[in-house]
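Here's the structure, in structure tokens; my notes come after.
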Amino acid sequence: MAQIRKANGIVDWLDQRLAVHKLLDVLMNKYWIPKQINFLWAMGVILTTLFTILFVTGLLLVMYYKPDVALAFDSVNKTIMQEVEYGWLWRHMHGVAASVVFLVIYIHMLTGIYYGSYKKGREMIWISGMLLFVVFSAEAFSGYMLPWGQMSYWAAQVITNLFGGIPFIGDALVVWIRGDYAVSDPTLTRFFMLHVCLLPIVIIMIIVFHFYSLRIPHVNNEIAEELDFDLEAEKYMAGDTKGSKVIPFWPGFLSKDFVYISLFMIFFFYLVSFKFGFAMDPINFDPADALKTPAHIYPEWYFLWSYEVLRGFFFDVGGVKAFDIGLAAFGIAQVIFFLLPWLDRSDVVKPAHERPLFFIWFWVLLIDLIVLTVYGKLPPTGINAWVGFYASIVFLLLLIVVLPVITIMEKKGAKK
Amino acid sequence: MAISESRRSFMGFAFGAVAAVGGAFSLVAMKKTWDPLPSVKAAGFTTVDLSSMQDGELRTIEWRKKPIFILKKAADMTKDSKRDVVIDNASYTVVIGLCTHLGCIPAYAPSEQLFKCACHGGEFDISGVNVFGPPPRPLDIPPFKIEGTKLVLGEEGPEYQKMVAEA
Ligand code: FES
């Protein structure tokens with residue numbers, strides 16, 4: 001046991017028992033962040049903030065929510081919205097945060113792609129981030145179902161049905177996931193368990209891992225300069241704070257982030273107060289009806305791009321059913337980003353504007369994702385179906401064919 | 001030294017074996033917890049009396065929480081010897097009313113004699129055969145048994161077995 005002396009204060013008392021100074025050094029004061037980064041690097045902190053909001057508002061909602069097909073709809077739309085004091089606030093904050101969190105996740109991801117932050121040494125950061133994205137999607141989907149409105153019900157019906165496309169075990173798997181032949185009470189209660197218990201625990205664990213995975217290769221920067229963090233940190237600690245290229249996480253980096261958090265929170269509460277409707281589908285204010293499908297079923301905006309890839313293939317090709325092609329494409333779209341560090345074969349870490357071909361590729365990808373998102377919401381008839389088809393093809397080609405080719409060309413160019 | 005090491009590896013092996021058996025049993029138990037309850041499975045039979053149906057009438061009933069379309073074919077509607085359920089010399093289309101694409105409920109358009117799925121534009125003809133759009137196969141036929149003018153859903157009668165064998 002360590003030597004315990006008479007403490008000269010509460011901090012010292014804790015320090016002797018829990019080494020709080022050491023802990024703070026590791027987590028804050030001696031965690032080094034490059035200086036040359038822009039506001040796009042604040043998205044991580046904003047995501048952490050949003051996650052906290054979701055967690056806290058979720059706790060308040062779960063006190064009144066009832067996971068039962070007979071009670072769920074009213075427990076949300078009557079009890080929480082009308083009776084519970086400030087219940088409407090928690091619900092709108094929860095709903096808006098769940099939607100905006102995806103906007104920020106996408107910005108965070110695209111920033112990573114633009115600056116090449118997934119490459120050489122940073123693969124685990126990227127992969128843990130993508131894992132977070134996938135589990136977050138499951139979290140969002142399971143939560144979307146809980147109010148038990150029409151859209152909740154049919155979204156659950158359609159998404160669980162997708163598993164039926166898996167060869168051999170498909171049909172049995174769908175019944176197993178639902179706990180019934182159709183989406184019904186057992187489905188609601190198990191999704192409730194996933195949404196409030198299992199998935200949040202998994203998310204918290206991956207967040208911790210995601211943060212940890214940053215510590216060894218360190219954060220990338222705007223010019224993708226390779227820094228010797230030990231050397232720069234020594235400079236900083238020796239007093240050359242100007243000359244050093246890094247600053248400690250606290251107070252340097254976080255204090256700047258607080259400005260971004262403040263700006264973001266103003267935007268967030270503007271949405272919560274005046275524009276909360278965008279995160280709530282009007283159809284979901286009708287109670288679930290298993291015998292009536294709404295005219296158009298579409299997911300929330302953040303899933304539209306992959307939804308469009310799923311339905312983009314609407315005709316059979318040489319004996320392969322359109323449905324199966326769509327399902328395969330959809331499956332690829334879900335996992336392809338995990339492989340990014342290996343699809344982009346060039347190991348030069350540089351921001352996109354210093355890699356001409358990659359720069360074009362990046363913007364084409366972004367535009368294609370926007371097109372997919374827009375057309376994912378439109379009814380899939382006539383010309384819309386064709387736009388969706390070509391945009392889906394472009395998406396797959398960009399990632400599977402174009403990106404590897406570009407990086408191979410870059411490699412050759414570099415040798416000359 | 002040698003003795004204690006082989007002892008240690010024996011204990012490691014013993015623990016591994018116990019853990020593997022326990023783990024396998026737990027997985028089975030967990031899988032079964034997710035399976036449908038017996039009460040859910042038992043509620044899987046529904047009987048409908050078709051004697052009161054008019055020619056050309058479409059009736060939607062519920063079976064295993066799924067909509068079932070029963071259409072009594074009028075004289076001018078094309079028959080499908082492979083898929084029609086014949087009761088009392090009348091032909092019926094009996095299908096699960098869930099689009100085989102992603103499970104939406106198609107709506108019946110009597111003027112065009114089509115079942116149209118609004119979700120992704122799939123269309124099925126009067127016998128439930130997919131004629132347009134992404135649905136990969138005709139509407140599914142639920143297991144049924146004929147008892148006089150009654151139809152029992154959930155039980156595999158000889159007519160159903162014959163139908164499945166031919167398809
Ligand atoms: S669910 Fe019917 S066409 Fe897709």
Side-chain angles (χ1 to χ4, degrees), chain A residues 69 153-165 171-187 189-190 193-194 289-298 307-308 310-316 320-327 330 379-382 384-385 388, chain B residues 27-28 30-46 58-70 96-109 115-123 130-140 142-143 153-154:
Chain A
V69 288
Y153 182 87
W154 287 98
Q157 187 88 338
V158 168
I159 300 288
T160 48
N161 227 332
L162 282 181
F163 292 92
D171 289 337
L173 186 64
V174 173
V175 173
W176 184 74
I177 291 173
R178 291 175 178 169
D180 199 339
Y181 301 106
V183 171
S184 64
D185 200 61
T187 326
T189 46
R190 64 187 55 188
M193 178 281 286
L194 291 174
D289 181 351
L291 297 176
K292 194 172 144 271
T293 316
H296 291 298
I297 298 190
Y298 41 78
Y307 181 66
E308 185 64 14
L310 170 71
R311 66 176 197 180
F313 300 89
F314 59 93
F315 49 83
D316 302 0
V320 188
K321 294 282 180 218
F323 177 65
D324 297 329
I325 304 175
L327 205 60
F330 177 74
T381 40
N384 290 354
Chain B
L27 279 182
V28 171
M30 284 190 222
K31 190 259 170 197
K32 297 223 160 159
T33 299
W34 277 61
D35 277 341
L37 303 175
S39 59
V40 167
K41 286 189 187 151
F45 300 96
T46 308
L58 174 81
R59 200 181 277 181
T60 308
I61 61 152
E62 199 183 324
W63 168 74
R64 287 192 183 170
K65 306 210 174 72
K66 293 176 189 165
I68 302 293
F69 295 156
I70 302 179
I96 299 179
L98 294 174
C99 180
T100 49
H101 181 217
L102 289 177
C104 298
I105 300 178
Y108 181 48
F115 291 98
K116 291 188 165 181
C117 181
C119 293
H120 320 98
E123 290 178 3
N130 51 322
V131 285
F132 178 79
R137 58 171 195 277
L139 292 173
D140 293 322
L153 293 171

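Each chain gets a letter, A, B and so on, in the order the sequences are listed, and its residues count up from 1.
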Open item on the list: Counting only non-hydrogen atoms closer than 4.5 Å, does A/W176 touch chain B with its backbone (N, CA, C, O), its side chain (CB onward), both, or neither?
Closed with: both

- [ ] Can you tell me which residue pairs pass the side chain to side chain donor-acceptor pair (under 3.5 Å) test with a partner in residues 155-164 of chain A, sequence neighbours excluded?
- [x] A/T160-A/R178

Task: Which of A/I177, A/D180, A/L327 touches chain B most, by non-hydrogen pairs under 4.5 Å - done: A/D180

Open item on the list: For the CZ atom on A/F163, are there more than 12 heavy atoms of other groups (residues, nucleotides or ligands in this structure) within a distance under 6.0 Å?
Closed with: no

Open item on the list: With a 4.5 Å cut-off on side-chain heavy atoms, are B/P136 and A/D324 touching?
Closed with: no

Task: Closest contact, heavy atoms only, B/P36 versus A/V175 - done: CG-CG1, 3.5 Å

- [ ] Please state whether the side chain, the backbone, both or neither of A/L310 comes within less than 4.5 Å of a heavy atom of chain B.
- [x] side chain

Task: Most contacts with chain A, counted as non-hydrogen pairs under 4.5 angstrom, among B/C117, B/P134, B/C104 - done: B/C104

TODO: Check the surroundings of atom OH in A/Y181: do more than 12 heavy atoms from other residues, nucleotides or ligands lie under 6.0 Å from it?
DONE: yes

Open item on the list: With a 3.5 Å distance limit and no angle check, can you tell me whether B/W34 reaches the backbone of A/R190 through a side-chain donor-acceptor pair?
Closed with: no

Open item on the list: Using heavy-atom distances under 4.5 Å, tell me whether A/Y307 contacts chain B through its side chain, its backbone, both, or neither.
Closed with: side chain

Open item on the list: Between B/T60 and chain A, with a heavy-atom cut-off of 4.5 Å, which part of the residue counts as in contact: side chain, backbone, both or neither?
Closed with: neither

Task: Nearest-0.5 Å distance, CG of residue B/D140 to CG of residue A/D171 - done: 8.0 Å

Open item on the list: Looking only at heavy atoms and a cut-off of under 4.5 Å, which of A/S184, A/A385, A/P186, A/A290 has the most pairs with chain B?
Closed with: A/S184

- [ ] Would you please name every residue forming a salt bridge (charged side-chain N to carboxylate O under 4.0 Å, His left out) with A/R311, sequence neighbours left out?
- [x] A/E308

